[in-house]
Amino acid sequence: MRNRVIWLVLILAAFLSLSQMHLVGLLSTAGPDPFELLRPILASRRGSLMELGISPLITATMFLQLLARLRLYHVNHSVPEERVLYENARKNLALIISLGQGIAYIYLGMFGSLAELGRLNAGALAVQMLASTVVVIMLDDLIVKGYGLGNSGINFFMSINVTLTLLWSIFSPLRVEGPRGPEAEGLLFALFGTVFDSSRL
């Protein structure tokens, strides 16, 4: 049990590190974020190496499940050889989706116009998002193989990200520009600020 907890801490540290590291070559993330509401569920953070989050893995899993529902293929997960083939197909498909998603983000202007980015920066951004997906797949594989708690990396990353987002939205001490001037970002600090600041009542 102790080893599993240690592995879990290491996996969590790697995941959080990816979420805090900015994409190299990124010029701007200004403007509205079309995926803002989905990011907690997708374990994604804008402008970081976790820009895509676990969405390539989720999409690959759903696509393979759809093909299975349509009876286009059959996998017996109780047979080790077939299970390994399925997992390899899921990982390879996730990498293809990650590359396609990264290129789409760049061409759709998520990081600024392509002319401003330049081909070198655009290529570097796509490679970084692909590389981070490789790391996420490896972390997911560790959890699936019993290194950590639970049996799904997707569920683990999703629950951790939702929990951290919720805690930050409650206890964040930062101040942001609101409609009535600077105000606390965290709900708790905003509540105290409203209670003790009669000018906001």
Side-chain angles (χ1 to χ4, degrees), residues 9-63 90-143 153-154 156-179 182-186:
V9 171
L10 292 175
I11 291 169
L12 180 59
F15 168 73
L16 294 177
S17 297
L18 288 175
S19 298
Q20 296 302 318
M21 292 174 146
H22 292 287
L23 290 164
V24 177
L26 185 64
L27 299 180
S28 172
T29 54
D33 182 6
F35 303 108
E36 182 179 2
L37 298 177
L38 292 175
R39 289 194 185 277
I41 301 172
L42 298 177
S44 167
R45 186 168 183 265
R46 191 176 190 187
S48 74
L49 288 174
M50 286 299 291
E51 173 68 47
L52 302 181
I54 57 175
S55 60
L57 271 175
I58 293 176
T59 307
T61 303
M62 292 177 64
F63 182 74
R90 186 174 75 100
K91 293 170 188 175
N92 289 325
L93 182 58
L95 292 176
I96 294 171
I97 291 171
S98 171
L99 184 60
Q101 238 182 309
I103 293 172
Y105 276 33
I106 292 166
Y107 274 91
L108 291 175
M110 286 282 290
F111 310 122
S113 69
L114 187 58
E116 292 175 347
L117 279 175
R119 292 184 180 180
L120 185 60
N121 272 353
L125 290 171
V127 169
Q128 289 173 82
M129 286 185 278
L130 179 62
S132 64
T133 301
V134 172
V135 176
V136 170
I137 289 173
M138 292 170 64
L139 297 177
D140 174 65
D141 210 29
L142 285 172
I143 293 177
I154 291 176
F156 173 74
F157 297 136
M158 190 182 298
S159 59
I160 286 295
N161 206 57
V162 169
T163 302
L164 291 176
T165 302
L166 180 62
L167 290 174
W168 183 257
S169 66
I170 295 174
F171 299 107
S172 171
L174 299 181
R175 297 185 69 80
V176 294
E177 193 65 33
E183 57 186 29
E185 183 181 26

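Looking at heavy atoms from C-beta onward, Leu114 lies out of side-chain contact with Arg119 at the 4.5 angstrom threshold. The shortest distance between side-chain heavy atoms of Leu16 and Leu164 falls below 4.5 Å. Taking 4.5 Å as the limit, some side-chain heavy atom of Gln20 sits within range of a side-chain heavy atom of Arg45. At a threshold of 4.5 Å between non-hydrogen side-chain atoms, the residues Val136 and Met50 count as touching.
In terms of the side-chain hydrogen bond (donor to acceptor under 3.5 Å, both in side chains) criterion, residue partners of Thr133 (sequence neighbours excluded) are, by chain and number, Ser98.
When all heavy atoms are compared, the tightest approach of Leu37 to Pro40 is O-CD, 3.6 Å. Here the closest non-hydrogen pair linking Met158 and Ile54 is CE-CD1, 4.1 Å. Taking every heavy atom of both residues into account, Gly112 and Leu117 meet most closely at O-CD1, 4.1 Å. The two residues Pro56 and Ala94 make their nearest non-hydrogen contact at CB-O, 3.4 Å.
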List the steps, then state whether side-chain contact (heavy atoms from CB on, under 4.5 Å) holds for Asp33 with Met110.
CA-CA 8 Å; Asp33 182 6; Met110 286 282 290; 4.3 Å; yes
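Using modelled atom types, no side-chain atom of Glu51 and backbone atom of Met129 make a donor-acceptor pair closer than 3.5 Å. A donor-acceptor contact shorter than 3.5 Å is absent between the side chain of Ser48 and the backbone of His22. Side chain of Ser132 to backbone of Leu49: a donor-acceptor contact under 3.5 angstrom is found. Ser113 places no side-chain N or O within 3.5 Å of a backbone atom of Gly109 that could act as its donor or acceptor partner. The backbone N or O of Arg39 lies less than 3.5 Å from a partner atom in the side chain of Asn161, making a donor-acceptor pair.
Leu52 contributes atom CG, which lies 9.5 Å from atom CZ of Phe35 (distance to the nearest 0.5 angstrom). How far CG of Leu95 is from CG of Leu57: 8.5 Å, rounded to the nearest 0.5 Å. Interatomic distance, CZ of Arg90 versus CD1 of Ile97, reported as 11.0 Å (0.5 Å rounding). Distance check, rounded to the nearest 0.5 Å: OG1 of Thr61 to CG of Asp140 gives 8.0 Å.
Test Val162, Leu139, Leu12, Leu42 against Phe157 for side chain to side chain contact (heavy atoms under 4.5 Å, CB included) and you get one pass: Leu139.
A tilted orientation is assigned to the rings of Tyr105 and Phe111, their planes being inclined by 30° to 60°.
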